[in-house]
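Working notes for the structure below.
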Amino acid sequence: MATLQNSINGAESSVAIIIPSKPTPLTVTYKDLQAECASFQRKLASIGITNRSPVSIATANSYEFIVSFLATSWQRGIAAPLNSAYKQEEFEFYIEDIKSAIVLVPKGAFVANAPSVKAARKFNAAIAECYWDDIKKEVALDVKDLGQLKGKSKENVLQPQPDDVAMVLHTSGTTSRPKVVPLTHRNLTRTMKNIQATYQLTAQDRTMLVMPLFHVHGLLCALLAPLYSGGSMIVPTKFSASDFWLEFIAHKANWYTAVPTIHQILLRSPTPNPLPKIRFIRSCSSPLSPAVFEKLEETFKAPVLEAYAMTEAAHQMTSNPLPPAKRKPGTVGIGQGVEVKILNDAGDEVPQGSEGEICILGENVTKGYLNNPTANASAFAKNGFFRTGDQGKKDEDGYIIITGRIKELINKGGEKISPIELDNVLTRHPSVSEAVSFAIPDELYGQDIGVAVVLKSGEKLGRDELKAWVNERLAKYKVPKKIYFTDIMPKTATGKIQRRIVAETMQKQEA
Ligand code: ATP
Ligand code: MG
């Protein structure tokens, strides 16, 4: 059956997970992982988590994250991974939007009255600390406040079905309010199979998991696909360039997947000597320049495979294939268990080589956004293909080239930032009259954030002050790098704001 419960395929005695950051590394076999998830599932059932209960997980990459994610889906709950670096306002938005029954936070968060805890309280969600208990040698679920679960009776231990929603993630909401993407067990297991097949993953493979688990990239490609293949993963709390190769070598990893920014950081750090044997390096989530592609292959002596993915597709749609098949820098390869067509606005396929919208069909693709008929009405073409919002074309070999983005999002090293969200926070400042955010080129991140700001008449405001205002309200990666103060906001002839035009005008004025 296509469920997460039936798709963990490692041999009992094989190593599933290595957590290098404990005083001594924590090594978990597949047998232990299965037992731990079953035990955590019983803990969730005992406090009333049941079919369709939304469970927000606000912990960094860790064994606790992995166990609580899997156990939630086994119990037919809906896992909602969140960035643990969010500020209170952001937590409030996500917790309220999906009506979380419980928010799982790291040890100490309750006493510290962390932003996630404050937000959970506001919406009467239960709060539990989730942490590795060294004495009991298990993941503890320490319930601090039962919230709305108070008085709920203990639930039975359940079994997930393929069409149950296993998790929800929000898009970054570049065009509107962030949309909720539900992904079923069937969607997720399809991607796990597709990724296994694309890279021929086996039980002998070991990956360094350096992408956050609250996005599909890390979750599907570096956690779920390896679990499906019976391989092992090394899971540091966060990416560190200085520890990367030490851990890679110590724990015998042989591949990794990351955004181009991380590849670039590794290229700027000392290269290990001797080099470990790397079967392949995967790049995804934002464009990899052919120059970085070449430098990576040359430095690390491994094939580099660029892939293309999105939340609505439960991550991967296309990828360059393993050798001996051809990999083409500047392309994102071919559909991998996913049908890809380039369609025009009417939903008809354009001739090979012509530009259009990249559209996809596959068992991995979400059936539609949650409670959002308006978005769903335009999300699918007449033949059922999902519209990605990305512009592209197929080259002579059918390899996909992404040529642009229909939406105006800011892609900072793979982390997508909604300009609307940022505009709204900026214009709430009492001295600000108008604010427009946009992408500016950045050597390391590919893109960073620029904002054009018009102050109310007579007001004075420093750049640092405005940055601090944002930092109090939004996660740090959303703080603009450049603030351009301007007397008038450039507008089109019809009085509309076009981010691209604002961006060009501001950068021109500066030059
Ligand atoms: P939005 O709300 O604007 O849809 P999002 O949160 O859905 O943003 P994600 O699902 O995280 O964004 O990212 C998907 C997008 O990332 C793709 O639509 C594409 O634009 C971009 N992307 C992914 N892989 C690549 C790649 N290899 N090259 C260029 N762009 C890529
Ligand atoms: Mg998207």
Side-chain angles (χ1 to χ4, degrees), residues 54-62 65 68-69 78-106 108-110 112-130 147 167-181 211-219 238 285 311 369-372 407 409-429 432 435 437 445 448-449 451 466-481:
V55 177
S56 293
I57 305 173
T59 64
N61 282 11
S62 56
F65 180 102
S68 49
F69 175 82
I78 301 174
L82 293 175
N83 185 344
S84 58
Y86 279 149
K87 304 286 159 61
Q88 187 178 339
E89 256 186 49
E90 295 166 297
F91 279 121
E92 283 179 11
F93 172 83
Y94 294 111
I95 289 169
E96 128 97 321
D97 201 43
I98 62 154
K99 312 266 176 291
S100 309
I102 186 167
V103 181
L104 305 182
V105 298
F110 191 79
N113 209 10
S116 53
V117 170
K118 283 193 233 167
R121 272 219 185 89
K122 182 160 172 184
F123 299 106
N124 200 28
I127 302 161
E129 287 184 351
C130 176
M167 81 161 161
V168 290
L169 287 173
H170 284 77
T171 68
S172 38
T174 43
T175 42
S176 58
R177 188 184 153 85
K179 293 172 282 206
V180 189
V181 183
M211 294 302 299
L213 286 167
F214 53 81
H215 282 323
V216 283
H217 186 160
L219 189 71
K238 64 190 267 212
S285 301
T311 308
Y369 301 103
L370 216 60
N371 306 327
N372 202 334
K407 294 166 283 185
L409 97 172
I410 303 164
N411 187 339
K412 181 176 174 181
E415 197 66 69
K416 314 298 186 306
I417 296 146
S418 158
I420 295 178
E421 179 188 40
L422 191 52
D423 294 352
N424 290 341
V425 168
L426 289 164
T427 46
R428 268 163 44 203
H429 191 286
V432 172
S437 316
Y445 291 109
D448 209 314
I449 308 168
V451 298
L466 192 54
K467 286 182 186 179
W469 170 270
V470 176
N471 192 37
E472 274 164 38
R473 289 163 179 83
L474 299 174
K476 202 165 150 215
Y477 69 87
K478 298 178 188 170
V479 175
K481 182 176 181 188

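Start at 1 with the first residue, then count along the sequence.
- Contact annotation: the side chain of His170 approaches that of Phe93 to within less than 4.5 Å [non-hydrogen atoms, C-beta and beyond].
- Inter-residue side-chain proximity for Val216 and Met167 is flagged as met; some heavy-atom pair is nearer than 4.5 Å.
- The closest side-chain heavy-atom distance from His215 to Glu415 is below 4.5 Å.
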**OP:** Evaluate the side-chain contact (heavy atoms from CB on, under 4.5 Å) criterion for residues Asn61 and Lys238: first the C-alpha distance (whole Å), next the side-chain angles of each, then the deciding distance (0.1 Å), finally the verdict.
**Re:** CA-CA 7 Å; Asn61 282 11; Lys238 64 190 267 212; over 6 Å; no
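- Residue Lys87 holds its NZ atom at 7.5 Å from CG of Leu474, rounded to the nearest 0.5 Å.
- Taken from CZ in Phe110 to CZ in Arg121, the straight-line distance is 4.5 Å, to the nearest 0.5 Å.
- Atom-to-atom distance recorded for Ile95:CD1 and Ile102:CD1 is 11.5 Å, nearest 0.5 angstrom.
- The two residues Ser100 and Ala125 have their closest heavy-atom pair at O-CB, 3.5 Å.
- Within a 6.0 Å sphere centred on NZ of Lys118, heavy atoms belonging to other residues, nucleotides or ligands number more than 12.
- Around atom OH of Tyr94, more than 12 heavy atoms belonging to other residues, nucleotides or ligands sit under 6.0 Å away.
- By the 4.5 Å heavy-atom criterion applied to side chains, Val117 and Phe91 are not counted as neighbours.
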Original post:
Taking it one step at a time, do Val451 and Ser437 satisfy side-chain contact (heavy atoms from CB on, under 4.5 Å)?
Top reply: CA-CA 4 Å; Val451 298; Ser437 316; 3.4 Å; yes
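- Using a distance-only test at 3.5 Å, with no hydrogens or angles considered, no donor-acceptor pair links the side chain of Ser116 to the main chain of Ala114.
- The minimum heavy-atom distance linking Trp469 with Val425 is given by the pair NE1-O, 2.8 Å.
- Looking at Leu104 and Val55, their side chains come closer than 4.5 Å, going by heavy atoms from C-beta outward.
- Between Lys99 and Glu96, the closest heavy-atom pair is NZ-O, 3.0 Å.
- Residues Arg473 and Arg428 meet the side-chain proximity criterion, which asks for heavy atoms closer than 4.5 Å.
- Evaluated for a salt bridge (charged side-chain N to carboxylate O under 4.0 Å, His left out) with Lys478, the options Glu421, Glu472, Glu89 yield exactly one hit, Glu421.
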**OP:** Before giving the answer on side-chain contact (heavy atoms from CB on, under 4.5 Å), spell out for Ile98 and Ser56 the whole-Å C-alpha distance, their side-chain angles and the decisive distance to 0.1 Å.
**Re:** CA-CA 9 Å; Ile98 62 154; Ser56 293; 3.9 Å; yes
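- Closest of all the heavy-atom pairs between Asn124 and Gly147 is OD1-CA, 3.4 Å.
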Original post:
Run the side-chain contact (heavy atoms from CB on, under 4.5 Å) check on Asn371 and Val180 step by step: do they pass?
Top reply: CA-CA 8 Å; Asn371 306 327; Val180 189; over 6 Å; no
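- Residue Ile449 holds its CD1 atom at 3.5 Å from CD1 of Ile417, rounded to the nearest 0.5 Å.
- In this structure the side chain of Phe65 reaches within 4.5 angstrom of the side chain of Pro81, judged on heavy atoms.
- With contacts defined as side-chain heavy-atom distances shorter than 4.5 Å, the pair Thr171/Lys416 does not qualify.
- The two residues Pro480 and Lys467 make their nearest non-hydrogen contact at O-CE, 3.4 Å.
- Across all their heavy atoms, Ala119 and Gln88 have their closest contact at CB-O, 4.0 Å.
- Here the CG atom belonging to Leu213 is positioned 13.0 Å from the CG atom belonging to Leu82, to the nearest 0.5 angstrom.
- Side-chain atoms of Asn83 do not come within 3.5 Å of backbone N or O of Phe214 as any donor-acceptor pair.
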